Structures are given as structure tokens and as C-alpha cells.
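Read through the structure below, which is laid out as C-alpha cells, and then see the notes.
Values below: every heavy atom of this structure, side chains too, minus hydrogens, waters and symmetry copies. In what follows, every chain begins at residue 1, and chains take the letters A, B, ... in the order their sequences are listed. As the structure is a prediction and not an experimental result, all values here were calculated from the model.
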Amino acid sequence: MSQNTVIALDVKDVSVAYGGGRLSLRQANLEVRGGSVCGLVGMNGAGKSTLFKTVMGFLPPLRGTVQVFGQPVIRAQKAGLIAYVPQSEDVDWNFPVSVREVVMMGRQGKMNWLRRPNAVDHTMVDESLERVGMNAFAERQIGELSGGQRKRAFLARALAQDGRLLLLDEPFGGVDVGTSEAIINLMGELRREGRAMLVSTHDLGTLETFCDEVALIADRTVLLYGPTAEVLTAENLAATFGGRSPLHAPAAKKLEARP
Amino acid sequence: MNLELLLEPLQYDFMTRALLVSALVGTVCAVLSCFVILKGWSLMGDAVSHAVLPGVVISYLLGLPFVIGAFAFGLLSVSAIGFIQSRSRVKEDTVIGVVFTALFALGLVMISKISSEVHLSHILFGDVLGIGDSELWQTVIAGAIALIVTLLLRKDLLLYVFDPTHARSIGLNTGVLNYVLLTMLALTIVTALQTVGVILVVAMLITPGATAYLLTDKFSKMLWIAVACGILSAVIGTYGSYFLDGATGACIVLVQSILFVLAFIFAPKHGQIARRRQQMAERADELGEGGPPTAPRPVLTRVRTSSKGQASD
């Protein structure tokens, strides 16, 4: 991966405020290279989702710049470079759309103005469904899926979009072990394809299995980012999580976890 | 049944016109209703339809086509709602309630000052049987615009309604889509004014979509079913009102409500009967009643080496 020096995401000195008053993000810096996975870790309310929204262009920075593959966010979005996988609770699950239609929505930005899918769009949708193992469920209405399957469907949509920077918001939230392993494998594949990923997660234990780099978010800014092993020290995590590292808990607790 | 009596209404020119106009209105409203109910804009539809009243009165005073005033006030109400909501802590449904009742009251006061009772009921309850040439053309043009724009943009509008975050993330301008949908809503309401009147317009904008929603899980089918409901109830309602001697709008809405109730009870998957049947089937399955016994229950044995099998780390 080291030969890949394309900078996928470049957050420089970004400060953001909702409405007015207090800043929700203070002079944050972050760099994610192509073909690498960056984990985003921090307590609730530390600024993870603000950072996500800023990278998505939903919140304009007061100061600083966000660039995606050297372009401003809006242009990168129009070019289809950014794929976003939301936390799955955000949509109406009774909505009358099938899994296939949801995945096709990933292609919509690339279609002509009448939004008629062509052969390439159909192929991409089929392949994406295949990659997340959702072929058999393609014609189901989205509400008929289990939690893990819902997650996979939305991942497939991001795959169909063929973005080069993927933003995954809590991909492991509320999914079973099988799905979470499938997601990790998939991230490995995407990484080999040269795509960059920014992944927010609460699951510190699995960070080392899939992240090249980790960014620690605390007190509305990026405390530190760098190679996973270097960043995930007891000291750094303690600073991020307000005093004690959840990863480096007392030994007795670790014994309890495995019989 | 006396066939002659049934065919009698069709001899009259005003009846065939009324049937065609209400079928068009039924179609336009049905298409919009699919978006309105999925977006959760029922109250917004009610609000805009009431808020157009002063616009209609002003058009009447100035001798303008009624669609212009109505459309202007429709947009005004939508902007006022958006403006107040973004600048205060009051919740959206409250703002909607405040704005539309204010405008509706304004319209009522204007009517009471300037015109007779006949006009009041005409605007409030519609009068498709007495539709004049000018109103006919206004309705057809406004309806055609609303229908064509909505259908052309349906994929983007649907994506916006389903998942605005994703729509935005692929570079769609969701602010514009929001206003396009609101504008089409206002235009559709204007279209339906002459047929069902201010008070019942909202039924046309909700019921066909709601009925279709109960009958299918696919949006493309939902559109067709809603349109079928819209046209069917428009035709039956208008036709029926001939024999009742009036209240055309109310008749149309009544037929729509009946269709909704039928779907609510008999819909193949989401209807009451189907749901009940499915519950029973599931329960019977669990209890092992009815039908041949399913696969023998596996005998559980204690697994001792739980950590051996998968070495995923």
C-alpha cells in the first residue's frame, strides 16, 4: 500500500459551527490516502458525526478546507467520487422499494437526466449485490430484511456507486458476527482496489484487523491520527476516552470475556 | 336497472366535460399523493389547500385567472412555513397549523366583505358541473404542468423522499428538489380547486396514494394503482353526483374513502384479513398444529470446544 500516495481525503485546519456560537469542530486535520482504511474513534458527542457531515459537504467549514482527491467536496460528489453508507436507522423501512431498487439508487447520479439505467448500471447492481451476498434477497422489500441484511443492502448501494472514497458510519452497529466479518473482508477487497475508507466505529477491539490508520476524535477536534499500532496506545486512548482506555482495561476483565 | 337512466347523464355536454376534468384532476392528484404520503406531507397538503383561499379571492377581485392567485398564495404559505420554522423553536406541525389557519381566515374575511354566499360555497366545495371555459383551460394547463414535471423528475424526487442524505451525497440539489415537490403540490392543489374545492382537496392528495400503499410494495405499481383509484373515484363520484344533484367533490372523496376501506380490509398482504391470516399461520406453525410435522427437532448436545472451530483472528 505504501506506493499509493494519492491523497483521497484532505481535511485541513477545519472549524465548523452549527448556526452560530460554539464551534462543533475545532481546527481539525486529517489525511486519508488512497487504498487505505482510516478508523474514526471517539466518544459520543466528540465530533465524529460533525466531521462526517463536513466531509459530506452538509456543513460548510467556517475556516479551513476539505478536499477529496484534490477537488472541493461538491465537485467530488457530482463526479461520484464519494460513497456514503449511513447508519441504517435513518430511512423509512416500510418504503415501497426493493433491495435492487435501493442499490440502483447508487447509480442514479451517473445516469442521464431521465434516470434510465443502462446495461452498465444493471451489471454494477448485480455485481454489488453479489459481493455482499444479497442476490437471493434482491427483490425483497427492504423492510423484510434482518438488521445485518439491511446493512449489506446499503453497502451494496455504496459499491454500485463505485466511489473512490467511502464513508462508513458505524458499519458494525447492530449487526451479527457473520455480517461484521463479511464487512471487514469487503473492506479488505476495496482497499486492494485502491479505494480509501473512513470508518467510524465504537468497536475498538476490531480496529487493528482492518484499519491502516486511526484518527482519535476528542473534544471537537482530531487529537491524533497515524498508523493503527502507533496510535492505539493506552495513553492515547485514555486521553480520547476521558481518563481510561477501554482497550487496555484491567486484566481481570479480559479473562471474563472468554471462558 | 334502467340502462336509459344510467346513460342519461352522458347526453349532457356539461357532464362529459365534468367527467373528463375530474378524471384529469384525479390523475394528477393521485401521482402527487404517492409522494405526499411517503414524505409525510399530509398536513402540508391540507395547509396549502386552505391557504390558497385569499389568492382565489384576490384573483376574482382583479379579474385574473384564479390559478395565478391561488398558486401565488400556495407558494407564499409554503415559504412562510419554511421561514418561520427555520427561525423559531416551534415545531413544524404547529407552524403549519398557525400559517394555514391565518391565511384561510383571511380568505373568509375577504369573501364576507366582497361577495355573496354563492361564491363562498363555490370556492370552498368546488363546482365541476358548472365549470366554465376559462376555468377548464386553467385546470387543464396547471394539471398538465404538474403531471409532466412530477413524472419526469420522479426518480430524483423518489430518492429525495426516501433518503435525502444519499441524494445529497451523490450531488443532487436536495434544496431544489424540496421546492420542486412543494411547488408541484401547490400546483396540483390549484388544479383540483374547481373540482373538489378548498376543504376536500387534501383527500385527493392523500387517499389514492394511501390506498395504493396498502396494495403494493413497489413504487412503480403504487403510482399506477393510485392513478387507477384516482380516475375511478373521479368518474364514479362525478357520475353519482348527477343523480344526487350536486356535491360532486364530496361524492368523489367518498368513493375514494370507500376504496381505501376496501384496501384496508382486503389488501392481499397489508390488509386486515391477510395480516390476521398470517398471524394465525405463524402461530399454528410454532405450535406445530395443522399440516404434517416439520423436520424433526435437532437434538442439542453440549458443545465443549467452543473456541476451536473458527480461527478468524
Under a 4.5 Å heavy-atom cut-off, does chain B meet the side chain of [X], its backbone, both or neither?
X: A:Val102; answer: side chain
X: A:Arg157; answer: side chain
X: A:Leu81; answer: neither
X: A:Met105; answer: both

request  = Give the C-alpha distance, both sets of side-chain angles, the deciding distance and a yes or no for side-chain contact (heavy atoms from CB on, under 4.5 Å) between A:Tyr84 and B:His166.
outcome  = CA-CA 7 Å; A:Tyr84 174 63; B:His166 176 70; 5.8 Å; no
For residues [X] and [Y], report the shortest heavy-atom separation together with the two atoms involved.
X: A:Pro96; Y: B:Tyr213; result: CD-CE1, 4.0 Å
X: B:Arg168; Y: A:Gly57; result: NH2-O, 3.8 Å
X: A:Ser98; Y: B:Lys218; result: OG-NZ, 4.2 Å

ask   = Is B:Lys221 salt-bridged to A:Glu101, cutoff N-O under 4.0 Å?
value =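 Looking at A:Glu101 together with B:Lys221, the answer is no, because their closest N to O distance does not fall below 4.0 Å.
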ask   = When heavy-atom pairs shorter than 4.5 Å are enumerated against chain A, which of B:Val161, B:Leu152, B:Thr165, B:Leu153 gives the highest number?
value = B:Thr165
key: Spacing of NE2 belonging to B:His270 relative to CG belonging to A:Asn94, to within rounding of 0.5 Å   =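 Output value for this atom pair is 8.0 Å.
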inquiry  = Using 0.5 Å steps for rounding, measure from the CE atom of A:Met104 to the NZ atom of B:Lys155.
reply    =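 Atom-to-atom, A:Met104:CE and B:Lys155:NZ are 8.0 Å apart.
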Might you confirm whether atom [atom1] of [X] has over 12 heavy atoms from other residues, nucleotides or ligands at distances under 6.0 Å?
X: B:Gln278; atom1: CD; answer: no
X: A:Ile74; atom1: CD1; answer: no
X: B:Phe264; atom1: CZ; answer: no

ask   = After noting the C-alpha distance and the side-chain angles of A:Gln77 and B:Ile170, does the key distance pass the side-chain contact (heavy atoms from CB on, under 4.5 Å) rule?
value = CA-CA 5 Å; A:Gln77 280 175 337; B:Ile170 61 170; over 6 Å; no
Positions in residues 197-207 of chain A that reach chain B, provided some heavy atom is under 4.5 Å away =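 Expected list: none.
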query = When A:Phe95 is tested against each of B:Asp217, B:Asp163, B:Leu158 for side-chain contact (heavy atoms from CB on, under 4.5 Å), which residue passes?
reply =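 For A:Phe95, the side-chain contact (heavy atoms from CB on, under 4.5 Å) check succeeds only for B:Leu158.
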ask   = Distance-only, no hydrogens or angles: does the A:Gln108 side chain make a donor-acceptor pair with backbone N or O of B:Leu159 under 3.5 Å?
value = no
query = So, do B:Phe162 and A:Val97 sit near enough that their side-chain heavy atoms are less than 4.5 Å apart?
reply = yes
remark   = In terms of heavy-atom pairs under 4.5 Å with chain B, the winner among A:Arg75, A:Lys110, A:Gln141 is A:Gln141
